[in-house]
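Working notes, beginning with the structure itself.
No experiment lies behind these values; they were computed from the predicted model shown. Computed over heavy atoms, backbone and side chain alike; hydrogens, waters and symmetry mates excluded.
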Amino acid sequence: YSDGTALQQLVLGAASDELRVNAGATAPEWYTPAAAASAFEELANVTETSGTSITTPVFTPKKYLMIWSFLNVSAGMSFRVGNTALDTLNNYAQTEMTTDGTTVATGAQAARSNLECFYNTGGICLVTANIVNIAAQQKVMDISVKGMAASSTGGIKNFGGLWYNSTDMIDIVSWYGSTITEANIVVWGRD
């Protein structure tokens, strides 16, 4: 490049460096760009059209998880999480559930083998979940179910859940317990 008087050589920068104008606007320079902000990435996407459960493959655990799931099932389905293998022990607690705006359970509930997040009579529903999935902490979940039950006009259920495991990070999720006509689970995560 020219400094206005003579040609100048800009020595090659490091790998992945980018070229920019220096702070004094007098010459080009190489710089190392800052790392890109973490963005949500798709970790798992699975579809099922029969059977009584749908389970993601094991995915890379991230600190924050968003789960989107569509279910068309014959009866209630239950939600289960785990690390490499689904947790089948009593390591869950449901802290509060509301149905159509009416609170049906409050306080710390007894640990149970699943989170009992389901649309009671089956039918079509959309489930969304946000999970804080930080290692060495219990995993906090905010889950919402909106749907049309097979025998009613539909409804809404929302609850906060807790996975007591404070060692492992969630890297697999599942719905189980009912005949599936169509089901899908998509998991996104970010650190």
Side-chain angles (χ1 to χ4, degrees), residues 42-59 61-62 64-133 138-165 168-189:
E42 186 175 294
L43 305 176
N45 189 334
V46 61
T47 301
E48 185 61 69
T49 57
S50 63
T52 58
S53 67
I54 179 172
T55 303
T56 67
V58 174
F59 50 83
K62 299 288 184 178
Y64 305 100
L65 301 176
M66 288 192 312
I67 299 171
W68 175 92
S69 185
F70 171 79
L71 300 170
N72 186 355
V73 294
S74 63
M77 294 286 278
S78 298
F79 186 63
R80 181 175 281 165
V81 301
N83 179 270
T84 305
L86 292 169
D87 186 348
T88 59
L89 304 175
N90 292 325
N91 291 324
Y92 302 95
Q94 171 186 298
T95 56
E96 182 168 340
M97 179 183 285
T98 60
T99 302
D100 297 327
T102 303
T103 299
V104 295
T106 59
Q109 305 299 303
R112 56 189 69 193
S113 61
N114 58 66
L115 287 169
E116 297 299 336
C117 175
F118 54 76
Y119 202 76
N120 285 315
T121 57
I124 297 171
C125 64
L126 171 67
V127 182
T128 57
N130 294 300
I131 301 175
V132 178
N133 189 34
Q138 295 174 345
K139 311 308 179 273
V140 180
M141 306 176 202
D142 175 31
I143 300 178
S144 174
V145 183
K146 298 174 178 69
M148 178 67 70
S151 60
S152 70
T153 58
I156 298 171
K157 292 188 177 187
N158 297 297
F159 76 88
L162 181 68
W163 187 41
Y164 285 129
N165 188 317
D168 302 317
M169 293 177 76
I170 294 168
D171 64 5
I172 186 170
V173 299
S174 176
W175 284 99
Y176 71 100
S178 179
T179 302
I180 294 171
T181 300
E182 183 179 1
N184 179 241
I185 303 173
V186 184
V187 180
W188 292 273

Looking at side-chain heavy atoms only, is the closest gap between [X] and [Y] below 4.5 Å?
X	Y	answer
Ile67	Phe79	yes
Leu43	Trp188	no
Asn45	Asn184	yes
Lys139	Asn83	no
Ile180	Leu71	no
Leu65	Met141	no
Phe70	Val186	no

Closest contact, heavy atoms only, Ser174 versus Leu86 | CB-CD1, 3.4 Å

Side chain to side chain contact (heavy atoms under 4.5 Å, CB included) with Asn130: which residues, sequence neighbours excluded?
-> Met66, Asp142

Thr56: what forms a side chain to side chain contact (heavy atoms under 4.5 Å, CB included) with it, not counting sequence neighbours?
-> Ala44, Val46, Phe59, Ile172, Val173, Ile185, Val187

Rounded to the nearest 0.5 Å, what separates atom [atom1] in [X] from atom [atom2] in [Y]?
X	Y	atom1	atom2	result
Asn133	Met169	CG	CE	4.5 Å
Thr88	Arg80	OG1	CZ	6.0 Å
Ile170	Trp163	CD1	CH2	5.5 Å
Lys146	Thr128	NZ	OG1	5.0 Å

When you measure from the side chain of Asp87 to the backbone N and O of Val81, does any donor-acceptor pair fall under 3.5 Å?
-> no

For a side chain to side chain donor-acceptor pair (under 3.5 Å) with Ser178, tell me which candidate from Ser74, Ser78, Ser53 qualifies.
-> Ser74

